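Comments concern the structure below.
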Amino acid sequence: MSDTLEKAAAALNEKLSGGDFTASAKFAIADLGSIVLDASGARVSDEETDVTMNADADTFEQILSGELNPTGAFMSGKLTVDGDMGVAMQLASTLA
């Protein structure tokens with residue numbers, strides 16, 4: 001399971017490179033664990049962050065691959081957000 005998270009963190013680091021995401025966010029993926037994103041990049045962790053986004057593994061993979069827009073996932077209830085909605089929106093635009 002952690003191998004899946006490590007690969008996802010590497011993919012997120014590629015998307016974040018050169019970006020200006022300075023806040024902190026966490027993807028909590030059901031039954032797998034969590035990935036934290038901040039100014040230093042993405043890593044497997046469960047630290048406290050400004051915002052936590054919760055999704056199942058399938059939804060997370062679709063967001064990561066670009067098949068599913070994070071805003072669309074939120075609007076359809078596949079992604080829940082706990083914390084600073086502004087940070088979630090900033091991350092969504094950074095990953096788009």
Side-chain angles (χ1 to χ4, degrees):
M1 285 191 283
S2 63
D3 187 45
T4 301
L5 291 177
E6 290 293 342
K7 288 179 183 175
L12 285 166
N13 275 320
E14 286 181 29
K15 290 180 178 265
L16 288 172
S17 66
D20 56 354
F21 185 71
T22 57
S24 64
K26 177 173 28 180
F27 276 111
I29 303 137
D31 301 323
L32 288 180
S34 300
I35 297 174
V36 169
L37 302 92
D38 58 22
S40 55
R43 64 195 169 280
V44 177
S45 178
D46 194 25
E47 304 164 31
E48 288 295 316
T49 57
D50 298 323
V51 65
T52 300
M53 293 160 289
N54 301 284
D56 62 28
D58 186 50
T59 300
F60 174 71
E61 287 175 19
Q62 289 178 12
I63 291 170
L64 191 59
S65 71
E67 292 175 44
L68 181 62
N69 178 297
T71 304
F74 174 74
M75 298 299 279
S76 67
K78 292 182 178 184
L79 177 72
T80 60
V81 177
D82 183 27
D84 190 327
M85 185 61 77
V87 171
M89 292 170 59
Q90 179 188 5
L91 179 60
S93 66
T94 300
L95 296 179

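Numbering of residues begins at 1 and proceeds along the displayed sequence. In this text the structure is predicted, and so the values were computed from the model without any measurement.
Summarising the geometry, atom CD1 belonging to Ile35 is positioned 5.0 Å from atom CG belonging to Leu5; distances are rounded to the nearest 0.5 Å. Put simply, CD on Gln90 and CG on Asp50 are 9.5 Å apart, with the number rounded to the nearest 0.5 Å. With values rounded to the nearest 0.5 angstrom, Met75 atom CE is found 10.5 Å from Asn69 atom CG. Atom CD1 of residue Ile29 and atom CD1 of residue Ile63 lie 9.5 Å apart, to the nearest 0.5 angstrom. For the atom pair NZ (Lys26) and CG (Asp46), the distance works out to 4.0 Å, reported to the nearest 0.5 Å.
Here the shortest heavy-atom pairing between Leu79 and Pro70 reads CD2-O, 3.7 Å. Between Phe21 and Ala25, the closest heavy-atom pair is CZ-CB, 3.9 Å. Summarising the geometry of Gly41 relative to Asn13, their closest heavy-atom pair is CA-OD1, 3.2 Å, with the distance given to 0.1 Å. Nearest heavy-atom pair, Lys15 versus Leu64, reported as atom, atom and distance to 0.1 Å: CE-O, 3.1 Å. Minimum heavy-atom separation, Gln62 to Ser65: O-OG, 3.2 Å. Scanning all heavy atoms of the two residues, the minimum distance from Ala57 to Leu32 falls at CB-CD1, 3.8 Å.
Note on Val51 and Val36: separate hydrophobic clusters, where clusters join Ile, Leu, Val, Met, Phe, Trp and Tyr whose side-chain heavy atoms are under 4.5 Å apart, directly or indirectly.
The stretch residues 37-93 participates, sequence neighbours left out, in these ring pair (Phe, Tyr, Trp, His ring centres under 6.0 Å) pairs: Phe27-Phe60.
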I'd like to know whether Arg43 forms a salt bridge (charged side-chain N to carboxylate O under 4.0 Å, His left out) with Asp38, so could you lay out the CA-CA distance, the side-chain angles of the two residues, the decisive distance to 0.1 Å, and finally the verdict. CA-CA 9 Å; Arg43 64 195 169 280; Asp38 58 22; 2.7 Å; yes
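In this structure, Glu47 places its CD atom where more than 12 heavy-atom neighbours from other residues, nucleotides or ligands lie under 6.0 Å away.
Side-chain contact between Leu91 and Leu16: present, with at least one pair of heavy atoms (C-beta onward) separated by less than 4.5 Å.
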